[in-house]
Amino acid sequence: MASSHRALQETALRYFLAVIRWGSISEASTHLNVAASAISRQITRLETELDTQLFERRARGMIPSAAGELLALHARRQQLESERVVGEIQGLRGLQRGTVRLASSEGFAVDFLPKAIAEFRHAYAGILFRLNVASPAEVTRQVREGEVDIGLTFSLAPQPDVRVEHRQRSPILALMSPDHPLAGRQQLKLAQLQPHAMLLPPPETTLRQLFDICCGQQNLIFASVFTSNYIESMLNCAIFGGGIALAGELSIRQRLAQQRLVAIPIVDAGMDARHIEVQTLTNRTLPAATAAFVAHLKQAMAAPA
């Protein structure tokens, strides 16, 4: 037991996590600039002292076993806790310095997060930010694996090992230029959109998946005149009168304030099933700056500009 405890406190864990991240000992060796034989010895030592197989060896690399997944979760939390303690010792507790690592879906990275970060830094100029923009699933993965401190993303179902700090509905809105024929409506149904040009995101997005489900329930078929994984392109196309785009209110809040777009609720059942989540790693004590920014995000999300 003492031997196993010592094993979990040593460099072996760093090598172990690198192999999980890069998928093979050779790739981990390249990125760590450490000999592959040294990494292999540490992995073997871990498996021997824990008396379990941590990886499944395959032709194209290595994937963690069930025991390996459990150890990886422990190792990531241990690393994050060490970073938090060091940061607070160096003055982060007073929000004087530190870095908040974020991941978000693209829509939040255009206007909402830049505005929230700028507002936060007016009060705490010593706090730095790093933002990764990714798909909703990738945002959650980065939170789960400790690559970022906070994830802001859409979710259709609960995710394992993720703590939801804040959750709110994100009904899908129809977006169009102020001179569009439907711009004067108070609400719309999906069938009313069918005669008009649609600007739709690709099928792998949560918005498109929900849209397709709701349309399928009514046997409605839509052809997208412009499909893009870049929300800015579709929003600008809608502004220029090219068709109707879809988004949640938070993603286009600043444009609505500038009256560049008209946003009309789509009232069909199920079009409000998406939720926005502020995610962190479960059972983790957040650094002071991260906790403060989570509180700031909750406030900013709740109150339209």
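Residue numbers start at 1 and run along the sequence shown.
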* Which residue pairs pass the salt bridge (charged side-chain N to carboxylate O under 4.0 Å, His left out) test with at least one member in residues 201-225, sequence neighbours excluded? -> R208-D212
* Hey, are E119 and R121 close enough for a salt bridge, meaning a charged N less than 4.0 Å from a carboxylate O? -> no
Kindly list each side-chain donor-acceptor pair under 3.5 angstrom involving residues 269-282, sequence neighbours excluded, with atom names and distances?
{"residue": "R274", "atom": "NH1", "partner": "T206", "partner atom": "OG1", "Å": "3.4"}
{"residue": "H275", "atom": "ND1", "partner": "R167", "partner atom": "NH2", "Å": "3.4"}
{"residue": "H275", "atom": "ND1", "partner": "A273", "partner atom": "O", "Å": "3.3"}
{"residue": "E277", "atom": "OE1", "partner": "Q279", "partner atom": "NE2", "Å": "2.9"}
{"residue": "E277", "atom": "OE2", "partner": "R167", "partner atom": "NE", "Å": "2.9"}
{"residue": "Q279", "atom": "OE1", "partner": "T140", "partner atom": "OG1", "Å": "3.0"}
{"residue": "Q279", "atom": "NE2", "partner": "T140", "partner atom": "OG1", "Å": "3.4"}
{"residue": "T280", "atom": "OG1", "partner": "R163", "partner atom": "NE", "Å": "3.3"}
{"residue": "T280", "atom": "OG1", "partner": "E165", "partner atom": "OE2", "Å": "2.7"}

* To do: Evaluate the criterion side chain to side chain donor-acceptor pair (under 3.5 Å) for residue pair Q254 and Q258; output intermediate values, then yes/no.
  => CA-CA 6 Å; Q254 298 308 308; Q258 297 162 3; 5.2 Å; no
* Structure fact -> Note: A116 and F293 closest approach over all heavy atoms is O-CE1, 3.9 Å
* **Residues in side chain to side chain contact (heavy atoms under 4.5 Å, CB included) contact with R57, at least two apart in sequence or another chain** => I43, E47, Q53, F55, M62
* Asked: Within a strict 4.5 Å, meaning less than it, do heavy atoms of the L13 and Y15 side chains meet?
  -> no
* Asked: Taking the side chain from E138 and the backbone from S135, do they hold a donor-acceptor pair closer than 3.5 Å?
  -> no
* Asked: Looking at residues at least two apart in the chain, or sitting in another chain, which of them share a side chain to side chain contact (heavy atoms under 4.5 Å, CB included) with Q209?
  -> L156
* **Given L261, I239, V262, the one that forms side-chain contact (heavy atoms from CB on, under 4.5 Å) with M176** => V262
* To do: Could you tell me whether R253 and D111 have a side-chain N and a carboxylate O separated by less than 4.0 Å?
  => no
* Asked: Is there a donor-acceptor pair closer than 3.5 Å between any side-chain N or O of T44 and the backbone N or O of S40?
  -> yes
* To do: Give a yes or no on whether a salt bridge exists between R141 and E147, defined as a side-chain N under 4.0 angstrom from a carboxylate O.
  => yes
* If you take all heavy atoms of A223 and M198, which pair is closest and at what distance? -> O-CB, 4.2 Å
* Does R144 have any salt bridge (Lys or Arg N to Asp or Glu O under 4.0 Å) partners at least two apart in sequence or in another chain, and if so, which? -> none
* Output every pair passing ring-ring contact (aromatic ring centres under 6.0 Å, His included) with a member in residues 174-196, not counting sequence neighbours, ordered by first then second residue. => H180-H196
* To do: For the residue pair Y124 and F120, categorise the inter-ring angle as parallel (less than 30°), tilted (30 to 60°) or perpendicular (more than 60°).
  => tilted
* Is it possible for you to say whether I20 and V148 belong to one hydrophobic cluster, with membership spreading through side-chain heavy-atom contacts below 4.5 Å? => no
* Structure fact -> d(L207 CG, S105 OG) to nearest 0.5 Å is 11.0 Å
* May I ask whether F226 and I231 are part of the same hydrophobic cluster, defined by side-chain heavy atoms of I, L, V, M, F, W, Y residues being less than 4.5 angstrom apart, directly or through others? => no
* Would you say the side chains of T227 and S224 form a donor-acceptor pair under 3.5 Å? -> yes
* Asked: Tell me, do D149 and L102 make a side-chain contact under 4.5 Å, heavy atoms counted?
  -> no
* Using a 4.5 Å cut-off on heavy atoms from C-beta on, say whether the side chain of I127 contacts that of V100. => yes
